[in-house]
Amino acid sequence: MSKFTLGKGNSGWWDGAIGYEVYIRSFADSNGDGIGDLLGLVSKLDYLAWLGVDLVWVSPFYPSPMADFGYDVSNYCDVDPIFGTLEDFDCLVAEVHRLGMRLLIDLVPNHTSSQHEWFVDSRSSIDSDKRGFYHWRDPSQNGGPPNNWVSHFGGSAWTFDELTEQYYLHLFLPEQPDLNWNNPNVVKEFDNILKFWLSRDVDGFRIDVAQGLVKNMLMADNPLRFPLHKDMSPREIFASYDHRYDLDQSGNIEIYQRWRKVADENDALLLGEVYLRDNDPNKVSRYVASKDSLHRAFYFAPMHVPWSPEPMWDTFRDALDAAPEDLSWALSSHDDPRAPTRFGGGKEGKQRALAYSVLLLFLPGLPFIYQGDELGLESILVKPEDQADPVALRNEDGSDGRDGARSPIPWHVGENFGFSTGKPWLPMGDRSEEETVDSQKFDEGSTLFKYKELFQLRAERLDPNSQLKWITSRDSSVIAFTRADIVCAINVGEQSEKLKLGKEMSDIKFSVGDAVVSDGILELGLASAAIIMSGV
Ligand code: GLC
């Protein structure tokens with residue numbers, strides 16, 4: 001079915017692929033409980049194949065108390081009944097493959113659920129066999145937490161456990177205790193987990209919190225980079241520290257080198273979520289540079305960059321200088337506001353998001369869109385009483401809540417927009433008929449059709465190994481480059497712009513907004529983008 005990847009650097013069947021993130025709870029519900037599930041996803045695979053998706057990444061579906069909606073796993077080798085059964089999973093894999101696509105599952109190795117049997121055992125006694133699976137420490141001399149580390153989700157990263165009078169570490173919720181990756185038994189358990197899913201034919205793993213697994217065991221305080229003040233959100237507080245002891249430790253790479261051998265034997269992809277708040281591409285590139293660790297690393301700066309030429313230039317130039325081939329980027333995700341919302345909302349936000357997709361898709365890199373991006377969906381406003389995300393609920397003002405981007409997909413008009421016959425677990429927002437899949441599928445001018453066209457053009461015309469050459473520079477608000485015989489250009493500035501191309505470049509293959517080419521001059525209106533090829 002595919003090329004074997006050994007000895008090919010980080011290359012593989014994923015070169016040139018387009019990824020699609022499915023947040024399973026919000027995609028499609030097959031049994032009317034208001035929560036999306038595996039069979040719901042199976043029922044929509046033909047839609048993804050029609051759209052031109054190559055690689056489906058599905059968010060965690062394992063048994064979980066759902067404190068973080070599945071990112072708190074209580075058994076790594078099964079399916080939560082809310083999502084279905086292992087047989088449903090096998091059916092998903094088979095159908096994805098039958099339709100010519102690949103399946104990436106979400107592996108959550110940084111932490112388990114506090115209800116995982118390892119943690120239940122570990123917590124039961126200082127002498128438990130599993131005590132060393134997690135990070136337990138005595139209180140500091142003043143009786144407080146062992147150090148100043150903070151949780152991504154607010155508050156200290158340590159929780160005191162009365163029973164054994166020690167603290168345990170959790171970089172996320174107290175219900176998500178961090179595993180101790182310096183313990184060889186943890187390493188062995190995960191070898192088996194990887195093999196379990198590979199033997200069920202998955203095509204690879206998206207590795208959650210890939211920057212976090214190994215901790216510096218001296219557990220010194222993280223220095224502050226900026227002073228804290230009381231109005232800061234948990235995200236801002238987390239970003240105020242220099243995470244030199246809890247994140248991005250060199251031992252992470254050794255774990256991925258170990259997994260890489262197994263992955264390569266199975267022709268599987270290792271894609272890490274390397275979420276480093278300072279967005280330094282040189283740090284992220286270390287995870288892929290040696291070509292024997294992760295195949296691809298998600299780089300998140302493109303998901304946060306404002307619509308403005310200079311920051312955009314810096315983001316992509318720095319990233320591609322640091323890792324010219326092996327980064328991955330997403331337009332939106334289940335953790336952040338949707339792209340059209342981030343780019344200002346309304347018609348303008350939608351057009352900008354589509355234009356930006358042209359850039360993300362034609363730059364080197366493994367691009368992902370998030371379910372609903374192809375419909376131009378904006379994040380919805382979730383009322384305080386409907387909030388479900390623990391990040392929102394743990395913080396008085398609901399700041400940083402992720403529910404707005406997780407609202408279910410509107411499939412067609414009618415009850416709950418065809419997502420579920422039961423009450424959806426999150427509100428669907430006041431979506432219009434034009435936003436639904438069914439309406440856009442029959443409208444050739446729709447955002448959905450544009451994405452389909454763009455995906456097709458990329459698949460047919462872009463050689464994934466072609467070199468990038470910038471043809472404008474940082475002083476220009478048009479970001480433009482060539483790859484082989486293709487020119488890609490996007491106008492991020494505040495007025496129409498002209499760009500001189502060769503006279504033969506006369507064929508606009510795809511455009512967003514106003515784009516015309518005549519006599520070798522490309523004119524791009526506001527928030528416009530184009531792919532141009534030679535007309536001869
Ligand atoms: C990742 C996931 C996020 C989750 C967190 C903790 O960042 O994308 O949704 O809350 O890890 O597992």
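Whatever order the structure lists ligands and atoms in, that order sets their numbers, starting from 1.
Set against the non-hydrogen atoms of V209, the atoms of ligand 1 under 4.0 Å away are 11 (O). Under a 4.0 Å criterion applied to the non-hydrogen atoms of R406, ligand 1 contributes the atoms 9 (O). Applying the 4.0 Å criterion to heavy atoms of H111 picks out, from ligand 1, the atoms 6 (C), 12 (O). If you number the atoms of ligand 1 from 1 as listed, the ones under 4.0 Å from a heavy atom of F172 come out as 5 (C), 6 (C). Close approach of ligand 1 to R402 is summarised as follows: ligand atoms under 4.0 Å from at least one heavy atom of the residue are 3 (C), 4 (C), 9 (O), 10 (O).
Nearest to atom 4 (C) of ligand 1 among the protein's heavy atoms is D68 OD2, 3.3 Å. The protein non-hydrogen atom at the shortest distance from atom 11 (O) of ligand 1 is D208 OD1, 2.9 Å. With respect to atom 8 (O) of ligand 1, the closest heavy atom belonging to the protein is D335 OD2, 2.5 Å.
Note on ligand 1: E21 sits outside its first shell, no heavy atom being nearer than 4.0 Å. Residue contacts with ligand 1 leave out Q211, since none of its heavy atoms falls under 4.0 Å from the ligand. At least one heavy atom of F153 lies less than 4.0 angstrom from ligand 1.
Taking 4.5 Å as the limit, every side-chain heavy atom of H111 sits out of range of all side-chain heavy atoms of L171.
Across every non-hydrogen atom of Y370 and S332, the tightest pair is CB-O, 3.4 Å.
With a 4.0 Å heavy-atom cut-off, ligand 1 is reached by the side chain of E273 but not by its N, CA, C or O.
Remark: R235 engages D336 in a salt bridge, criterion side-chain N to carboxylate O under 4.0 Å. A salt bridge does not link K130 with D121: every distance from a Lys NZ or Arg NE/NH1/NH2 to an Asp or Glu carboxylate oxygen is 4.0 Å or more.
On a distance-only criterion, H334 and ligand 1 share at least one N/O pair closer than 3.5 Å.
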Full working for side chain to side chain contact (heavy atoms under 4.5 Å, CB included) between F172 and V209 = CA-CA 10 Å; F172 294 86; V209 195; 3.7 Å; yes
task = Evaluate the criterion salt bridge (Lys or Arg N to Asp or Glu O under 4.0 Å) for residue pair R258 and D292; output intermediate values, then yes/no.
result = CA-CA 9 Å; R258 181 180 180 103; D292 63 352; over 6 Å; no
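Residue Y20 is tested with L55, D373, L51 for a side-chain contact (heavy atoms from CB on, under 4.5 Å); the sole match is L51.
Applying the salt bridge (Lys or Arg N to Asp or Glu O under 4.0 Å) test to R296 and every residue at least two apart in sequence or in another chain returns D15, D326.
The distance between the ring centers of Y76 and F190 falls below 6.0 angstrom.
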